[in-house]
Participant: 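Provided herewith is a single structure, encoded as structure tokens, for subsequent inquiry.
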Protein chains: 2
Amino acid sequence: MSTPGSGAGESAGGVVPEPVELWSAFKRAHELVRTRVVADTAEAAGLSEPDLTILVNLDKAGGALRQSELAASLGWDRTRISHQLTRMGKRGLVARERGDGVTVTLTDAGRRTVTAVHPGLEAAVRRHFTDRLSAEEAEMLSSVLRRL
Amino acid sequence: MSTPGSGAGESAGGVVPEPVELWSAFKRAHELVRTRVVADTAEAAGLSEPDLTILVNLDKAGGALRQSELAASLGWDRTRISHQLTRMGKRGLVARERGDGVTVTLTDAGRRTVTAVHPGLEAAVRRHFTDRLSAEEAEMLSSVLRRL
DNA sequence: TCCCGGGAGTTGACATATCAACAAGCCTCT
DNA sequence: AGAGGCTTGTTGATATGTCAACTCCCGGGA
């Protein structure tokens, strides 16, 4: 299926990839970067990738978020968040309070953990991801990702 | 808000995003697109996303691959592939043969399934992913993803 | 008031992913 | 031949993700 069928709107020099191919490449890149970053960071701190994701997101938001907002900001399902927070709660990284909905808070231990891990995380993300992009690529990628 | 739109190459005033932020955006976009595409395709055919991933990859390779090559082309771990193929083997979608390593083959049922699902998959990927990218963006994304 | 419907969270059962240990084939060196 | 060491694949235990109920709360109508 490599032939376009109709040579509509082909621009010089660049080949517009097939949709499914591009999506496969996207998944593969995600997989590779994720694996490498996790190997370089979470592992060292006794954290899993989802742990780290939640901690970083809460930290970025100032330490507290409504559970539904946390879910939305990650693109996660509500049951996934619920299970994950339950596990993290048992380990003392986060706390939940009922109010108007449920508010999730970083505990002191959680804050200490994310503070300790963040420099290594940033270094790993640079090493395995952003350092491999030019400035223009990073900007374009950022705008594209926001749009999805 | 600087929206590049159709402007090419000009990056006046563009803000290069923070590494961790960009990575979070990447993960979120992956999550959202994945969820939507799966909801529109796999669900209908009784397939999970990993099932679909394997089937499409095998199909693209002509129907057979060494297990380690399959793993490498997806960025998957060997135990993940092994478990996944075991599950799919039980459902008759793929078969394994020992030889120089292990060769994974699409069964007739597997081939029929992927053929049946492919049009819907392509439509869903367009709808939720590539249709939201300009041609230049798709090209650049493709080159960036290959590099990772 | 009662009932209905939707949003938000939880729970338990099952599917998938990860980790550590193991097995088998295949080199090479001695 | 036989002892290491490397690559590939498997297995079982545990962690994480998904699906289908279910609860609880709230805000209309009739």
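The chains referred to below are lettered A, B, ... by the order of the sequence lines, with proteins before strands, and numbering in each begins at 1.
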Participant: On DNA chain D, reading 5' to 3', which nucleotide is the first and which the last to sit with an atom under 4.0 Å from a heavy atom of chain B, could you check?
Facilitator: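 Endpoints of the contacted stretch of DNA chain D: D:dT8 to D:dT18.
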Participant: Are A:V16 and B:V125 connected into the same hydrophobic cluster when the rule is that any two of I, L, V, M, F, W, Y join if their side-chain heavy atoms are below 4.5 Å apart?
Facilitator: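 B:V125 and A:V16: separate clusters.
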Participant: Does A:R87 reach a base, just sugar-phosphate, or nothing at all? Heavy atoms under 4.0 Å.
Facilitator: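 The residue A:R87 makes base contact.
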Participant: Could you check which of C:dA8, C:dT10, C:dT18 has an atom nearest any side-chain atom of B:T79?
Facilitator: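 Among C:dA8, C:dT10, C:dT18, the one nearest the side chain of B:T79 is C:dT18.
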Participant: Hydrophobic cluster membership, with links at side-chain heavy-atom distances under 4.5 Å among I/L/V/M/F/W/Y: are B:W23 and A:L32 in one?
Facilitator: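 No, no single cluster joins them.
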Participant: Categorize A:S48 for me: base, sugar-phosphate, or nothing, with a 4.0 angstrom heavy-atom threshold over every strand shown.
Facilitator: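 Sugar-phosphate contact only - A:S48 comes under 4.0 Å of backbone atoms but never of a base.
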Participant: Spell out, as yes or no, whether a donor-acceptor pair under 3.5 Å connects the side chain of B:S24 to the backbone of B:V20.
Facilitator: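 Side chain of B:S24 to backbone of B:V20: a pair is present.
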Participant: By nearest heavy atom, map A:R78 and B:L85 onto DNA chain D; which one lands nearer the 5' end?
Facilitator: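 With A:R78 and B:L85 compared, the 5'-side residue is B:L85.
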Participant: Can you check whether A:R66 has a side-chain N or O nearer than 4.0 Å to OP1 or OP2 of C:dG9?
Facilitator: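 Yes, such a contact exists.
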Participant: Inspect the contact between B:R126 and B:E122 and indicate whether a charged nitrogen and a carboxylate oxygen are less than 4.0 angstrom apart.
Facilitator: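 Yes, B:E122 and B:R126 are salt-bridged.
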Participant: Would you call B:R36 and B:E31 a salt bridge, taking side-chain N to carboxylate O under 4.0 Å as the test?
Facilitator: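 Result for this pair is no, no salt bridge flagged.
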Participant: Between C:dG12, C:dG9, C:dA17, which nucleotide gets closest to the side-chain atoms of A:S68?
Facilitator: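 Selected nucleotide: C:dG9.
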Participant: If you check the A:R34 side chain, which of C:dA17, C:dG9, C:dT18 turns out closest?
Facilitator: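 Looking only at side-chain atoms, A:R34 lies closest to C:dT18.
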Participant: Is any side-chain N of the basic residue among A:R87 and A:D51 closer than 4.0 Å to the acidic one's carboxylate O?
Facilitator: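 No, this pair does not count.
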Participant: For C:dG9, does the base pair up with any side-chain atom of A:H83 as donor and acceptor (N or O, under 3.5 Å, distance only)?
Facilitator: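 Check fails, no donor-acceptor contact within cut-off.
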Participant: The side chain of B:R80 is closest to which nucleotide in this list: C:dT18, C:dA8, C:dT11?
Facilitator: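 Of the candidates, C:dT18 comes closest.
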